[in-house]
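This report concerns only the one structure given below.
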Amino acid sequence: MPFTLATWNINSVRLREPLVIDLLKAEAPDVLCLQECKSPVDKIPREGFAALGYEHLVARGQKGYNGVAILSKLPLEEVGAEDFAGLGHARHVAARLPNGVVIHNHYVPAGGDIPDREKNEKFGQKLDYLTDMTKAFEADRPKDAILVGDLNIAPREDDVWSHKQLLKIVSHTPIEVEHLTAAQEAGDWVDVTRKDIPEGPLYSWWSYRSPDWDKADKGRRLDHVWATPDVARAASGSRILRDVRGWEKPSDHAPVFAHFDL
DNA sequence: ATGGTAGCTAGGCTA
């Protein structure tokens, strides 16, 4: 059962319902994982998605902040949700496809501006979220699984516009990269996007604060698609839809796609 | 060093 999967930090699913619909019409992924829905689950505008064949939805939500959703043309079996770092936020949800593959959709805390947990509680929460993720993978090694989402960390030098200038900027500090790498290794996760596109600059997010984001191109790769080795072997054709960042009233993130021939 | 923009929701928090 081959399928195409996409992940996109939508920054309000209600405000950007028309953009979601445009993406579904243009690219028709089988599964679309959204982050930062900023909506209670019962207020997600699912009718417009269902009309395009996306009849299945598994989500966690809260008013105003966070929120994750898995939207699918294929049936979804809800697997549940974790509350890593005990924040009580809607940052994870998981669902199983008919072929048995479990999809984990994460929105990792951004972590505030100061990369020091003594001075900034939110940075500590971000590291704790990743540590809890690592522990969960050590306790229960994932199998036949995909993990996607806004992980809010750009791990590689070529995942940011300037490695040197971002070393002390939250999202690219060494301690964050260490925590993310520990989680990745604990789950034996393969970075599918970099398996398919091994070389060169690759970004999925450009700040709203940068005028002329396209020309300046001060991006970071914060959005990721990981898979367990067996599933990753079946992956191909990964791409980041940079053009979507240039749509009218855009999200600050571009969608990331991967195809799986399973 | 600072400020730059956006969403939610009505002043400030979060990103």
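Bear in mind the structure is a predicted one, so any value in this text is a computation, not a measurement. Throughout, protein chains are lettered first and strands after them, A, B, ... in sequence-line order, and every chain is numbered starting at 1.
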Practice task
Write down the distance separating the P atoms in dA15(B) and dT9(B), rounded off to the nearest Å.
Solution key: 15 Å
Exercise for the section: Would you please classify the geometry between the W8(A) ring and the W247(A) ring as parallel, tilted or perpendicular, with 30° and 60° separating the classes? Expected result: perpendicular
Practice task
Quick one: which residue pairs count as a salt bridge (charged side-chain N to carboxylate O under 4.0 Å, His left out) with a foot in residues 236-250 of chain A, not counting sequence neighbours?
Solution key: E27(A)-R239(A), D214(A)-R242(A), D217(A)-R242(A)
Practice task
Do nucleotides 5-15 of chain B as a string where each nucleotide becomes B, S or -: B if the base has a protein heavy atom under 4.0 Å, S if just the sugar-phosphate does, - if no protein is that close.
Solution key: BSSSS---BSB
Handout entry: Sidechain N-carboxylate O distance under 4.0 Å for D158(A), R194(A)
Key = yes
Problem - Atom C1', compared across dA1(B) and dA6(B): separation rounded to whole Å - result: 23 Å
Handout entry: Whole-Å gap separating P (dG4(B)) and NZ (K218(A))
Key = 15 Å
Exercise for the section: Look at E82(A) together with R60(A) and state whether they make a salt bridge at an N to O cut-off of under 4.0 Å. Expected result: no
Exercise for the section: Give the rounded distance in Å between these two atoms: CG of D212(A) and P of dG4(B). Expected result: 18 Å
Practice task
Would you check if L262(A) and M1(A) make a side-chain contact, meaning some heavy-atom pair closer than 4.5 Å?
Solution key: no
Let me have the donor-acceptor pairs involving side chains of residues 33-52 of chain A, under 3.5 Å, with sequence neighbours excluded, atom names and distances please.
from, atom 1, to, atom 2, distance (Å)
Q35(A), OE1, N9(A), N, 3.2
Q35(A), NE2, T7(A), OG1, 2.9
Q35(A), NE2, N105(A), OD1, 2.8
E36(A), OE1, N9(A), ND2, 3.1
E36(A), OE1, Y107(A), OH, 3.3
K38(A), NZ, N11(A), OD1, 2.8

